[in-house]
Amino acid sequence: MRATRTSRPFIGALLIALCAIHAVAGDDDKPKAPLDEQRIEEWIAQLGSNDAQKAKRAHEVIVTLITDPKSDLAARDADAHISRDYDLRNAMEKFLGALGDAPDAVSKRMVFVLGDIAKGGGYLGDTKFYSSQVMERDKIAERIASFGPSMIPPLVEIVRFGGGNDGDISDYRNESVGYVAALALARLGADSIEPLLGVLTRKTTASLELRGGARFEGQTLAAFALGRIPAAHDRAIHHMADFLCIREARHLRGAAMSAWRWPTRRHHAFKGTGEKGVRALAERLGNDVLDPFARIELLLALRAMGQEAEAAVPAIRAIADDATMSETVRQVATRTLGQIRTSATIAPLMAALLDEDNKARWDAQWELEKMGAPAIAAMLPLLDTKERGHRITAIRMLGEFGAVAHGTTPRLMKLLDDEDVRGFALMALARIHSWSVKVPDALIERMVAFAKDKDETPRSWGVAALSELASAAKPAADVLRDIASNDGSAQLRRAAVLALAKVAPDRLTEVDIPHFIDEIREDMAWRRTRAKQAIENLEPALRVHLVPHLEKALSVWRTLPLGDVLEVLGMIGPAAVDAVPAIERLANQPPRSSGLSRSRAIMALWRVRPDGVQRAMRVIDASLDKGRAFDTTLRLGTADPLKALVEIGPRARAAVPVLLRVLEQEGDRFGLRKGTAAEALGAIGAEPDRVVPLLVSLLNEREKWIRHGAIKGLTSFGPKAREALPHLVRVLDDPDEYVRADTVLAMRKIGAETVMDALLGALEDEAAFVRRRAAYALGQLGSKASSAVSVLEALLSDRELAVQREAFVALWSIRGAPPRLPGQDAWK
């Protein structure tokens with residue numbers, strides 16, 4: 001194993017540690033002189049040796065390195081370096097392997113090391129954000145728990161100190177240690193209950209006085225562990241609820257009054273405690289002397305329980321309706337009702353929707369929109385009220401519901417004659433029918449009538465509504481063309497041009513190009529995104545006319561959104577070669593002054609220059625030859641050549657051999673590089689007979705990013721990857737929901753009709769994203785998916801609005817007519 005510059009800190013740390021345990025080795029093979037780097041590397045290599053004696057010796061060295069107090073600092077430095085520069089999962093498995101089967105080889109120090117490795121450089125706790133950078137802490141906890149009750153004392157001590165080894169929890173790195181210890185104690189079950197209750201109730205025999213922060217963090221971890229032990233619920237729930245109400249623990253909440261939206265670990269402790277947990281929280285919620293912070297804590301715990309907390313709806317509603325409560329507490333109560341999301345929460349949310357407080361109305365609207373179909377019946381009475389604000393709110397919400405509100409079309413069509421709300425009604429109808437399998441001719445006629453109105457405001461509504469319908473509004477292309485050419489203000493003409501790009505891009509001409517440039521100049525990001533999406537629809541021959549304008553924009557780059565300009569030039573590809581000098585000027589800017597623009601310029605060069613593919617290949621080759629991984633994320637002044645090859649697609653056919661080399665290289669942290677290479681092979685689409693079997697073999701890889709990239713690559717091959725379908729069916733059991741969702745999409749592109757049973761199973765997946773993708777895939781099959789009707793009908797009452805919409809459209813495609821929602825007969 002050749003020493004590299006990046007490995008020297010780790011090797012140096014091991015050198016210090018191994019010297020410290022030099023006297024412990026105790027056999028004739030131990031080195032007589034100070035160890036050099038080569039000798040240390042031999043110890044590391046022996047850890048995985050096929051020679052049992054050498055492997056045992058390496059295990060002894062590593063166990064001693066970890067457990068000997070004299071090597072504490074060295075070990076901490078070593079595992080911290082592993083966390084930064086090595087494959088974290090491989091490192092974890094090495095340390096777990098070093099434990100062998102001997103419980104006496106495990107100590108508090110070992111738990112700390114495993115916890116430090118677990119942090120993986122990403123966010124901790126229950127959040128899924130950056131989950132790709134967080135180690136499998138469950139696996140570490142399970143391994144620790146496998147040594148039995150003898151592990152409880154050191155684990156409880158770690159929990160008691162909140163994860164810190166000296167009562168100081170200011171070091172965020174220790175949080176992983178406490179979390180791993182809590183998970184391990186939960187797995188040890190009933191034997192852990194008494195010690196954890198002792199921590200939770202602060203009845204400890206600590207010889208060391210705990211600092212306040214460590215004590216309360218320790219109680220948080222204890223509550224979290226107890227919440228995961230069913231046998232502990234009867235005895236622990238009331239103590240857990242009391243802990244949330246402790247005034248002295250306010251500092252744990254920090255800025256709770258401003259960051260109340262997100263339940264944390266102490267709130268998730270109640271998830272799964274059932275009726276007993278709900279009752280304990282609801283009883284305390286009604287306490288008149290409770291301070292606002294404690295009330296927020298109780299509400300967040302109920303929110304974390306979701307539908308499980310339905311019995312607490314009356315108590316939560318009382319808080320939301322109480323005008324004497326603080327504004328923030330009432331907001332938390334409203335959000336909690338929305339997260340419970342059952343029929344019992346509709347009435348209190350509707351009451352909040354009509355509240356005089358603007359924030360209360362906004363929160364209620366936000367939560368009701370997420371409910372979708374079950375909330376439609378409650379919206380309809382508001383359409384007949386005299387209060388214009390209430391009518392507008394109801395109309396907008398029906399538009400947000402999309403396809404599931406299709407049955408409200410007749411009611412909304414009548415409102416098109418109402419001067420007060422007709423614009424809102426038109427846009428709601430456009431959003432509802434943007435999901436439709438077939439848009440009614442009468443609706444398009446009304447939109448055209450608006451677009452032809454003598455006043456500019458109705459014309460703007462008509463143009464925006466036709467744009468929402470996209471290609472379904474093609475009969476109105478002539479009207480949009482007339483407006484884009486010579487009607488109204490510049491803003492209206494620009495809107496008509498962008499609408500034409502979605503409705504009938506073939507009707508655009510070179511004269512319309514400046515409108516796209518003007519839209520890219522806008523300060524608002526959503527408008528620039530809209531412009532880029534419109535440009536993607538343009539014919540290649542028309543995109544070329546953008547180049548002179550974009551090249552000029554780069555010359556005044558300090559006042560323009562450079563990233564979007566460069567992205568569009570990359571989208572145009574080699575046809576934008578005239579802009580290469582301007583792009584190169586940006587690419588050569590000093591890194592500190594240009595930042596992300598420089599990186600995007602490099603990416604654009606790879607896509608625009610005729611030799612861009614060869615340039616990217618040289619960068620990849622250089623990184624492979626040096627044995628180091630180039631960055632797979634954009635870093636200051638660099639760009640990922642593999643990602644560029646994905647975007648270049650079939651033009652990068654010459655890069656196939658280099659991409660195959662990437663897949664063969666070892667030491668890819670998290671699998672990001674190999675995953676992107678697999679995706680690029682699919683985007684290029686060359687040599688399917690050779691590449692498809694290779695991508696199929698990658699579906700067995702341990703790293704999820706490799707599996708993710710392989711699935712995307714197979715998706716790009718489409719029907720040419722039909723041999724992969726049986727393997728994709730197996731991937732539907734993958735632990736990562738995004739991998740499962742992409743698998744469903746791959747099945748649709750490759751040949752969904754042959755794996756119908758697998759798609760039906762995906763409709764019942766626990767992840768909403770997977771259910772949504774499965775409904776979409778089945779809807780694309782039309783009448784061939786008739787066996788899915790009953791399951792899709794059940795999804796019309798799904799908790800997630802996005803799933804409801806896809807199920808509605810799928811049923812419409814299968815049956816040839818829009819389905820009726822449960823209770824729709826009462827809408828009249």
Side-chain donor-acceptor distances from residues 787-794 under 3.5 Å, at least two apart:
from	atom 1	to	atom 2	distance (Å)
Glu793	OE2	Arg815	NH1	3.4
Glu793	OE2	Arg815	NH2	2.2

Just do the salt bridge (Lys or Arg N to Asp or Glu O under 4.0 Å) check on Asp355 and Arg361 with the steps written out, would you? CA-CA 6 Å; Asp355 196 285; Arg361 291 200 303 270; 6.0 Å; no
Hey, is CD on Glu387 packed in by over 12 heavy atoms from elsewhere, all under 6.0 Å? yes
Just so I know, are the side chains of Thr273 and Met305 near enough to count as touching, which here means a heavy-atom distance under 4.5 Å? yes
Using 4.0 Å as the upper bound for N to carboxylate O, is an ion pair formed by Lys704 and Asp736? yes
Ion pair Glu737/Arg740, N-O distance below 4.0 Å: no
Ile711 to Asp742 - nearest heavy-atom pair and separation: CG2-O, 3.4 Å
Let's go through Gln804 and Leu795 carefully: what are the C-alpha distance in whole Å and the side-chain angles of both, what is the deciding distance for side chain to side chain contact (heavy atoms under 4.5 Å, CB included) to 0.1 Å, and is it a yes or a no? CA-CA 6 Å; Gln804 296 173 20; Leu795 291 183; over 6 Å; no
Assess the side chains of Ser813 and Gln780: does a donor N or O sit below 3.5 Å from an acceptor N or O? no
Only one of Thr342, Leu801, Leu349 clears side chain to side chain contact (heavy atoms under 4.5 Å, CB included) with Met371; which? Leu349
Return the orientation label for the Phe808 and Trp812 ring planes: parallel under 30°, perpendicular over 60°, tilted otherwise. perpendicular
On a heavy-atom basis, which atom in Lys502 and which in Asn537 lie closest, and how many Å separate them? CA-ND2, 4.0 Å
Should Asp242 and Arg284 be marked as a side chain to side chain contact (heavy atoms under 4.5 Å, CB included) after you check the CA-CA gap, both sets of side-chain angles, and the distance that decides it? CA-CA 8 Å; Asp242 287 338; Arg284 286 158 180 78; 2.8 Å; yes
Are there over 12 heavy-atom neighbours, none belonging to Gln491, within less than 6.0 Å of that residue's CD? no
Assess whether atom NZ of Lys370 is packed by more than 12 heavy atoms of other residues, nucleotides or ligands within 6.0 Å. yes
Looking only at non-hydrogen atoms, find the nearest pair between Ala282 and Ala312 and report the distance. CB-CB, 4.2 Å
Hey, what's the ring geometry for Tyr179 with Phe224, parallel, tilted or perpendicular (30° and 60° as the breaks)? tilted
Gap separating the CG atom of Asp441 from the CZ atom of Arg446, nearest 0.5 angstrom: 14.5 Å
Inter-residue atom distance His433.NE2 - Leu412.CG, 0.5 Å rounding: 8.0 Å
How long is the gap from CG on Leu383 to CD1 on Ile392, to the nearest 0.5 Å? 11.5 Å
Measuring from Ile316:CD1 to Leu285:CG, what's the distance to the nearest 0.5 Å? 7.0 Å
Answer whether the closest heavy-atom distance between the side chains of Lys271 and Arg228 falls below 4.5 Å. no
Between the side chains of Asp765 and Arg773, is the shortest nitrogen-to-carboxylate-oxygen separation below 4.0 Å, so that they form an ion pair? no
Assess the residue pair Glu800 and Arg805 against the criterion (salt bridge (Lys or Arg N to Asp or Glu O under 4.0 Å)); give the C-alpha distance rounded to whole Å, side-chain angles, the decisive distance to 0.1 Å, and a yes or no. CA-CA 9 Å; Glu800 300 295 333; Arg805 285 191 297 226; over 6 Å; no
Verdict with reasoning, His406 to Trp435, per ring pair (Phe, Tyr, Trp, His ring centres under 6.0 Å): CA-CA 9 Å; His406 182 273; Trp435 294 81; over 10 Å; no
Quick one: do Gln365 and Glu369 satisfy side chain to side chain donor-acceptor pair (under 3.5 Å)? Show the steps, please. CA-CA 6 Å; Gln365 180 176 334; Glu369 282 177 0; 3.2 Å; yes
Begin with the C-alpha distance, continue with both residues' side-chain angles, and end with the deciding distance and a verdict on salt bridge (Lys or Arg N to Asp or Glu O under 4.0 Å) for Asp384 and Arg411. CA-CA 10 Å; Asp384 300 324; Arg411 296 283 299 273; 3.1 Å; yes
CZ of Phe293 to OG1 of Thr328: how many Å apart, nearest 0.5 Å? 9.0 Å
For atom CG of Asp523, decide whether the heavy atoms of other residues, nucleotides or ligands shown that lie under 6.0 angstrom number more than 12. no
Would a 4.5 Å heavy-atom cut-off, applied to side chains only, mark Leu760 and Leu763 as touching? yes
Which value, rounded to the nearest 0.5 Å, describes the distance between Arg303 atom CZ and Thr336 atom OG1? 6.0 Å
Run the side chain to side chain donor-acceptor pair (under 3.5 Å) check on Thr334 and Glu367 step by step: do they pass? CA-CA 8 Å; Thr334 302; Glu367 298 300 339; over 6 Å; no
Is there a side-chain contact between Cys245 and Leu298, using heavy atoms and a 4.5 Å cut-off? yes
Just wondering, do Phe270 and Leu244 contact through their side chains at under 4.5 Å, heavy atoms? yes
Take Glu519 and Lys532 through the test side chain to side chain contact (heavy atoms under 4.5 Å, CB included) and record every step on the way to the result. CA-CA 9 Å; Glu519 194 72 5; Lys532 288 185 290 184; over 6 Å; no
Using the rule given for side chain to side chain contact (heavy atoms under 4.5 Å, CB included), can you reason through Met397 versus Ile376, listing the C-alpha separation, both sets of side-chain angles and the distance that settles it, and then say yes or no? CA-CA 9 Å; Met397 292 180 66; Ile376 293 177; over 6 Å; no
Taking all non-hydrogen atoms of both residues into account, name the closest pair between Leu469 and Ser434 and its distance. CD2-N, 4.0 Å
Do the side chains of Arg772 and Asp798 get close enough for a salt bridge, i.e. N-O under 4.0 angstrom? no
Any salt bridge between Asp363 and Arg335, counting N to O under 4.0 Å? yes
With a 4.5 Å cut-off on side-chain heavy atoms, are Pro458 and Arg422 touching? yes
Evaluate Arg820 against Asp825 for salt bridge (Lys or Arg N to Asp or Glu O under 4.0 Å), listing each step before the verdict. CA-CA 8 Å; Arg820 297 186 67 80; Asp825 293 337; 2.7 Å; yes
If you measure from the Lys or Arg side-chain nitrogens to the Asp or Glu carboxylate oxygens, is any gap between Arg396 and Glu400 under 4.0 Å? no
Of the non-hydrogen atoms in Thr715 and Ala746, which two are nearest, and what is the gap between them? OG1-CB, 3.1 Å
Search all heavy atoms of Leu398 against all heavy atoms of Met379 and return the closest pair with its distance. CD2-CB, 4.1 Å
Is any side-chain N of the basic residue among Asp322 and Arg330 closer than 4.0 Å to the acidic one's carboxylate O? no
Test item: Gln824 side-chain N/O and Leu821 main-chain N/O as donor-acceptor pair under 3.5 Å: yes
Test your reading of the model: is there a side-chain donor-acceptor pair from His233 to the backbone of Lys276, 3.5 Å cut-off? no
